[in-house]
Amino acid sequence: MNILVTGGAGYIGSHTLIELYKAGHTAVVVDNLSNSNPESLRRVAELAGIEQVPFYKVDIRDREALEKVFSQHKLDACIHFAGLKAVGESVEKPWEYYENNIGGTLVLVDVMRQHGCKNIIFSSSATVYGDPAQIPITEQCPKGTCTNPYGWTKSMLEQVLTDIQHADPSWNVVLLRYFNPVGAHPSGRIGEYPNGIPNNLMPYITQVAVGKRPQLGVFGNDYPTPDGTGVRDYIHVCDLASGHVSALQAIDRCCGLAIYNLGTGQGYSVLDMVHAFERVNHVPIPYTIQPRRAGDIATCYSNPAKAEAELGWKARYGIDDMVRDSWNWQRNNPDGYPC
Ligand code: NAD
Ligand code: WQD
């Protein structure tokens, strides 16, 4: 299939491109580069053994530019990664988050239907479960109250896409709820390099390891978890990427509307991640215990059985691979991609 990948220059998009090419698909990327560097696409081409990734520097809110891409390519489906994703920033700039993530998706979906492309895989998030009603979290678990505008954009867009599919059953919509993506391609050539101070645990750990930050702050050690620190379902980004290819194959079998958790089903605490990083990479990670971070929950991990049963997908990388590949990327690219 020929796939439109919005946000394909970003962290998860770039890894997914490699899996798409590996599976024999082709891709066209649109990205406005607001949180990425086109060097990622050059490296994807190198890793995939192709000349170049077809790329348009296009903002998905720009209807005319998107129309042009659709008129130049016959596209079978869209994997829709484009969006703003910083939780804290979304609290400061809610309008920008709703306008970019929701406004952009509404334009994208309209252009898709006008061009008869009605297959979409959407990057959702475990954040839509809020403080989950049950652990491990199945897809039947009710959606919850999000604690920030970013989370609401995901929750609302799930509803938007669900309603569109109900109104027009010729749409195929797959909502993928990612748990906590970490790691990088084992080559160390592509990975994640957040702007400014990292919000997420793993990039913070790798920046401490590489000497950019003096120590990690562990946000709370008084949660009702085995060691008191927050427990999450970390998933290697290459596993996440292959989950999209599995979903694409299912879309081909025409699934209408489907929701899948993409996680490992295994919860690790903050200190589990710190200690695994130190053990595997032989690099010390100094840390101090800080107060809890507003909006955090104690425990969040998936039951990923539905994706295995229906997509034949399951995570293959373990915690040692995650911390090894995160470090391999960071130490080989201490400042991210060159500007
Ligand atoms: P990322 O920021 O690395 O990638 C997103 C890409 O979208 C960037 O390259 C950015 O330049 C682009 N983009 C943003 N707005 C755009 C617009 N209006 N038009 C065109 N391009 C635009 O983020 P990521 O970690 O790769 O996440 C990909 C998707 O997965 C996002 O939708 C994110 O919300 C979702 N997600 C991420 C995580 C995570 O922890 N990384 C977890 C759950 C869900
Ligand atoms: C993980 C654990 C922190 C940083 C977020 C978004 C979610 C999704 C994934 C996009 C928690 C602790 C963290 C630090 C710490 N993104 N921590 N010190 O909060 O589970 O999920 O990213 O959809 O929507 O909310 O991930 O990596 O920020 O935190 O102690 O410097 O690490 O308290 O227990 P989170 P995270």
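First listed ligand is number 1; within each ligand, the first listed atom is number 1. Numbers here are sequence positions counted from 1.
- The pair Lys118-Asp168 meets the salt-bridge criterion, since a charged nitrogen lies less than 4.0 angstrom from a carboxylate oxygen.
- Side chains of Tyr193 and Gln330: no donor on one and acceptor on the other come within 3.5 Å.
- The aromatic rings of His73 and Tyr56 sit perpendicular, their planes meeting at an angle over 60°, well past the 30° parallel limit.
- Under the 3.5 Å distance criterion, with hydrogens and angles disregarded, a donor-acceptor pair is assigned to the side chains of Tyr97 and Glu89.
- Dense packing is recorded around NZ of Lys143, with more than 12 heavy atoms of other residues, nucleotides or ligands lying under 6.0 Å away.
- Other members of the cluster containing Phe219 do not exist, because no ILVMFWY side chain is joined to it at under 4.5 Å.
- Using cut-offs of 30° and 60° for the angle between ring planes, the His244 and Phe81 rings count as tilted.
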At less than 3.5 Å, what protein N or O atoms come close to the N or O atoms of ligand 1? Include the distances to 0.1 Å.
residue  : atom   : partner : partner atom : Å
ligand 1 : 2 (O)  : Asn35   : ND2          : 2.7
ligand 1 : 3 (O)  : Tyr11   : N            : 2.9
ligand 1 : 9 (O)  : Gly10   : N            : 3.4
ligand 1 : 9 (O)  : Asp31   : OD1          : 3.2
ligand 1 : 9 (O)  : Asp31   : OD2          : 2.6
ligand 1 : 9 (O)  : Ser36   : OG           : 2.7
ligand 1 : 11 (O) : Asp31   : OD1          : 2.7
ligand 1 : 11 (O) : Asn32   : OD1          : 3.4
ligand 1 : 11 (O) : Ser34   : N            : 3.0
ligand 1 : 11 (O) : Ser34   : OG           : 3.4
ligand 1 : 11 (O) : Asn35   : N            : 2.9
ligand 1 : 11 (O) : Ser36   : OG           : 3.3
ligand 1 : 13 (N) : Asn32   : OD1          : 3.4
ligand 1 : 15 (N) : Asn100  : ND2          : 3.2
ligand 1 : 18 (N) : Asp59   : OD1          : 3.1
ligand 1 : 18 (N) : Asn100  : OD1          : 2.9
ligand 1 : 19 (N) : Ile60   : N            : 3.0
ligand 1 : 21 (N) : Asn32   : N            : 3.1
ligand 1 : 21 (N) : Asn32   : OD1          : 3.3
ligand 1 : 25 (O) : Lys85   : NZ           : 2.8
ligand 1 : 26 (O) : Tyr11   : N            : 3.3
ligand 1 : 26 (O) : Ile12   : N            : 2.8
ligand 1 : 32 (O) : Phe81   : O            : 2.8
ligand 1 : 32 (O) : Lys154  : NZ           : 2.9
ligand 1 : 34 (O) : Tyr150  : OH           : 2.7
ligand 1 : 34 (O) : Lys154  : NZ           : 3.1

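- Atom CZ of Arg316 sits in a sparse spot, with 12 or fewer heavy atoms from other residues, nucleotides or ligands closer than 6.0 Å.
- Listed by first and then second residue, the side chain to side chain donor-acceptor pair (under 3.5 Å) pairs that reach into residues 298-313 are Asp233-Ser302, Ser242-Trp313, Tyr260-Glu310, sequence neighbours excluded.
- Closer than 4.0 angstrom to ligand 2 sit non-hydrogen atoms from Val87, Ser125, Thr127, Tyr150, Asn180, Asn199, Asn200, Leu201, Tyr204, Leu216, Gly217, Val218, Phe219, Gly230, Arg232, Tyr234, Val270, Arg293, Asp296.
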